[in-house]
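For the numbers below, each heavy atom of this structure counts, side chains included, while hydrogens, waters and symmetry mates do not. These figures come from a predicted structure and were not determined experimentally. We're numbering straight along the sequence, starting at 1. We count ligands from 1, going down the list as the structure has it; atoms in each ligand are counted the same way.
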Amino acid sequence: MVKKMDVNVFIVLFCFIKVVLLQGTGSGNNGNLRLCIVEGRGLYKRAPTHCPILDKENAGVECVLGTDRLDCLRRISKGTVDFGVFSPEDLVAAQWANIDVLVTNELRLRSRPFARNIVAVVNRRILPTESSTLHAVLRNTTLCHPGESMDYLRPLSETLSAYLETLVLERSCDPTRSHTENRLKALADFYGKACKAGPWVPDRTRDAELKRQYPSLCAACAKTCMAGDIYWGNSGALTCLTDGAGDVTWGEADDVKSYFKIREDEPLTGSENFAYLCRNGTWKDLTEEPCIWLRKPWNVIVAKRKASEAVSRLTQSLTNSSVVVDRHWRGALSALLESNQALPEPLHPPRAPMDYLAQADGFREAYSQAGCDPPRHITFCTTSLLAKNKCEWLSEAGAVYGIAPPLQCIMRNSIEECLKAVSDRECDATAADSDWLVAGMRDYALTPILHEITPIVEKTGSIVAYINADAKITKMADLRGKRAAFPRYDGAAWHSVKDYITKHEKMSCKDYVEGYFKEICAPGMDGKKCYEAGETEALKSLVDGDSDVAFISMKAFNSFKETNGTSENIKKIVPLCPEGNQKFCFVSWSNLGHIFVANNLTNIRRHEIINVFTKLDQLFGKHPPFHNAMFSMYGSFNHEMEVIFHSNTKSLATINVLSTHPYNKIPYNFELAMSNVTDFTCGFGAKTTPSLVMLLVTLVVFLINS
Ligand SMILES: *[C@@H]1O[C@H](CO)[C@@H](O)[C@H](O)[C@H]1NC(C)=O
Ligand SMILES: *[C@@H]1O[C@H](CO)[C@@H](O)[C@H](O)[C@H]1NC(C)=O
Ligand SMILES: *[C@@H]1O[C@H](CO)[C@@H](O)[C@H](O)[C@H]1NC(C)=O
Ligand SMILES: *[C@@H]1O[C@H](CO)[C@@H](O)[C@H](O)[C@H]1NC(C)=O
Ligand SMILES: *[C@@H]1O[C@H](CO)[C@@H](O)[C@H](O)[C@H]1NC(C)=O
Ligand SMILES: *[C@@H]1O[C@H](CO)[C@@H](O)[C@H](O)[C@H]1NC(C)=O
């Protein structure tokens with residue numbers, strides 16, 4: 001009997017193993033291969049359309065949704081998914097993390113070996129009579145700059161554009177200039193004139209300043225030096241050249257050929273006046289095979305090492321051109337791989353990512369340009385290992401797109417320590433929410449230079465006065481002499497209410513703190529502790545009848561009500577709308593988070609930091625059409641939400657943008673109110689521990705006196 005059972009178990013196990021082996025080596029159910037997918041920001045979602053077909057037809061492939069492409073790459077490297085689609089830039093960004101994966105397929109969208117082949121075209125009038133160096137040929141000529149943008153769809157990202165510039169120009173590292181300015185100055189010093197139309201930096205005021213400072217870089221433009229000038233962009237740069245406004249430009253080889261109608265019977269009139277310029281200073285007719293300055297590879301399928309053979313076998317079955325019209329799983333899989341035609345043959349054997357990229361001339365070199373010496377960075381302080389790790393990926397992703405100077409990430413144990421590290425110049429910036437706004441400005445001499453904004457009012461940080469409906473309180477003034485509950489001392493609620501009441505009751509700050517409420521519970525104040533700090537605790541104090549009013553966010557109230565809404569008491573809690581804001585009912589509202597820097601930064605440095613973060617926001621935030629699915633800075637990181645930045649953030653804004661923004665019509669913005677306040681202390685309640693400066697002053701006074 002016992003023996004028989006053993007045999008049965010053995011058979012069952014044996015069958016199980018056999019089935020698994022037959023079905024594949026993937027990490028999914030029954031050995032299915034797992035495909036990691038990143039949805040775009042548009043309305044069209046690929047996964048719900050195509051993934052069910054894979055399941056229904058037992059394709060041996062299943063979908064997993066990743067936050068962004070680098071998230072997918074990390075999952076492949078960890079082995080929880082098996083393959084996905086990536087851009088060459090993704091592979092460069094992941095290089096530092098030693099991700100162990102293989103490239104199994106190229107995804108060619110056109111029948112040419114590289115996605116981009118960048119050439120230089122010149123007007124023959126600048127060519128010398130005998131051979132010369134590149135430098136000598138181009139010096140003091142007029143450049144038609146194709147421009148660069150955060151739009152990754154255009155041929156020249158900032159990195160590639162900077163690389164092409166460095167093939168000709170000397171690197172300039174003047175410490176009194178920002179990185180952007182150094183680049184512009186080198187360009188302006190080398191070329192006689194240029195048309196570099198379109199934004200140079202995202203901040204418009206700064207953009208206008210820079211354009212005034214380097215007018216020669218706009219001198220060759222038709223009218224405006226903005227996006228929209230007839231010499232702006234890729235075809236604009238070619239027009240600039242053929243109009244005779246400039247002497248040299250860069251472009252995609254196929255665009256150049258079709259612009260000059262090289263392959264047609266009748267080339268563009270006058271095209272014999274132009275030539276390809278090579279990197280060694282020689283030149284060629286436009287009718288010849290061009291010399292390529294830089295190649296960019298196609299997107300690829302990347303697989304985890306162990307699954308690469310299975311992925312190659314799978315993709316082999318997509319090389320038949322019938323898949324394009326296939327309504328079954330092969331067609332669905334092709335669509336999920338963003339391939340609009342039959343795949344080319346898989347690579348034999350699969351390649352390591354860097355070997356794959358090495359075949360594209362110039363591409364890897366473009367990403368390893370020497371930086372300045374000493375190196376420049378923007379050092380950002382984080383408060384957990386996870387946050388530091390996210391910061392590092394953001395840094396790599398930004399560096400790949402030429403956002404410079406690069407971020408460098410450090411870690412401290414708490415927000416206070418990060419604020420202090422910025423104040424002590426151990427780092428340049430940190431992020432914290434509105435509860436830290438006043439402490440940051442007052443105790444650490446910091447200033448918030450950027451704010452995480454959302455256009456959805458309900459998602460902002462709001463402070464609302466909640467009361468019991470039975471209490472005879474109908475207006476804010478009725479709160480005098482009542483018992484007030486705050487989530488914490490010195491936070492956003494504390495300062496908003498103080499600001500509101502001192503202004504509306506026309507009383508001094510000191511009188512307010514000492515006498516307005518009968519009782520105050522604000523954990524952290526005077527060492528008194530009535531409850532643990534937190535919005536839930538403040539609300540519970542109201543619900544339990546220990547307070548008459550609780551100042552907390554609408555979000556905290558709603559989520560408390562959702563989970564704990566059954567008790568009779570909570571049903572009686574209602575908001576008390578302040579005069580002047582019956583519509584939204586906030587005592588104040590604030591943006592989701594803030595990036596803090598030292599308040600005495602030089603202008604150059606401040607511009608540089610704003611520039612780097614707003615560019616990161618443009619690329620990796622939520623800006624259609626720019627949004628790049630490589631990395632999502634407001635998205636989850638390793639399955640955790642709200643790491644460094646808030647998931648509801650729409651973009652980063654300077655205080656100027658804040659004060660002119662339409663929804664600033666909503667009264668009682670916290671940041672704007674606090675940006676006016678000079679004395680936060682009411683002569684009482686400032687930081688209780690004396691600062692180092694105070695200690696030093698005391699010591700000096702002591703020494704002088706003795
Ligand atoms: C640059 O070119 C302009 C005219 O094209 C000329 O006047 C000027 O002297 C040149 N500068 C140098 C340094 O060669
Ligand atoms: C310069 O480069 C071109 C294209 O790469 C090549 O055909 C030519 O032989 C080179 N000339 C010299 C002198 O090195
Ligand atoms: C391509 O697919 C079609 C339809 O499924 C099939 O008839 C044909 O034999 C396939 N061709 C190759 C080369 O596998
Ligand atoms: C619900 O109440 C419990 C205990 O009072 C508290 O710990 C929890 O945070 C509350 N839930 C929410 C969402 O506030
Ligand atoms: C800014 O202030 C700090 C501390 O007060 C000081 O050490 C530093 O030199 C100042 N920096 C500039 C650029 O003024
Ligand atoms: C800031 O102060 C100025 C002058 O004191 C005042 O006119 C302005 O309304 C204040 N702004 C805010 C948001 O309180």
Side-chain angles (χ1 to χ4, degrees), residues 114 117-144 164 167-170 175-178 185-195 214-217 219-220 240-241 244-248 250 253 256 275-295 359-363 365 376 378-379 419-430 440-447 449 596-609 687 690-697 700:
F114 295 95
N117 301 286
I118 305 295
V119 297
V121 193
V122 293
N123 191 316
R124 284 183 181 271
R125 70 190 176 195
I126 65 164
L127 294 177
T129 44
E130 51 203 70
S131 73
S132 181
T133 63
L134 188 62
H135 205 80
V137 172
L138 291 179
R139 176 153 205 97
N140 201 25
T141 59
T142 301
L143 171 66
C144 299
L164 294 172
L167 294 178
V168 182
L169 313 179
E170 302 281 317
T176 65
R177 293 197 175 84
S178 70
K185 184 164 188 308
L187 209 56
D189 287 350
F190 182 81
Y191 289 99
K193 279 190 302 184
C195 175
Y214 299 99
S216 73
L217 296 182
C240 165
L241 188 71
D247 306 310
V248 55
W250 288 294
V256 171
Y276 292 122
L277 184 65
C278 306
R279 281 172 63 166
N280 59 11
T282 62
W283 53 89
K284 286 179 167 189
D285 288 346
L286 292 187
T287 50
E288 289 179 80
E289 200 44 40
C291 34
I292 307 290
W293 284 52
L294 172 70
R295 297 184 196 274
Q359 47 173 356
D361 302 328
F363 189 75
E365 292 78 53
R376 289 194 182 187
I378 290 172
T379 310
L419 295 172
K420 182 163 189 309
V422 178
S423 146
D424 293 347
R425 304 298 188 279
E426 286 162 20
C427 61
D428 300 302
T430 194
M441 295 194 288
R442 180 194 60 206
D443 303 341
Y444 300 97
L446 306 185
T447 185
I449 44 163
F596 290 91
V597 296
N599 67 11
N600 66 350
L601 277 192
T602 60
N603 263 344
I604 299 285
R605 192 64 178 156
R606 205 178 62 239
H607 285 310
E608 194 157 70
I609 294 175
K687 209 169 97 173
S691 67
L692 189 59
V693 176
M694 279 302 294
L695 281 178
L696 284 176
V697 169
V700 170

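- The distance from atom NE2 of H607 to atom CZ of R177, rounded to the nearest 0.5 Å, is 14.0 Å.
- A donor-acceptor contact shorter than 3.5 Å is absent between the side chain of R295 and the backbone of D361.
- For the atom pair L143 CG and W250 CH2, the distance stands at 5.5 Å (nearest 0.5 Å).
- Shortest non-hydrogen contact noted between L169 and Y191 is CD2-CE1, 4.1 Å.
- Residue N280 has at least one N or O atom closer than 3.5 Å to an N or O atom of ligand 2.
- Salt-bridge check for D285 with R124: passed, with a basic side-chain N closer than 4.0 Å to an acidic carboxylate O.
- A donor-acceptor pair under 3.5 Å is formed between the side chain of R425 and the backbone N or O of S423.
- Cysteines C291 and C278 place their SG atoms closer than 2.5 Å to one another.
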Can you produce the list of protein nitrogen or oxygen atoms under 3.5 Å from a nitrogen or oxygen of ligand 5, alongside each distance?
from, atom 1, to, atom 2, distance (Å)
ligand 5, 2 (O), R425, NH2, 3.3
ligand 5, 2 (O), N600, ND2, 2.3
ligand 5, 11 (N), N600, ND2, 3.0
ligand 5, 14 (O), N600, ND2, 3.3

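- Against a heavy-atom cut-off of under 4.0 Å, T282 is close to the following atoms of ligand 2: 1 (C), 2 (O), 11 (N).
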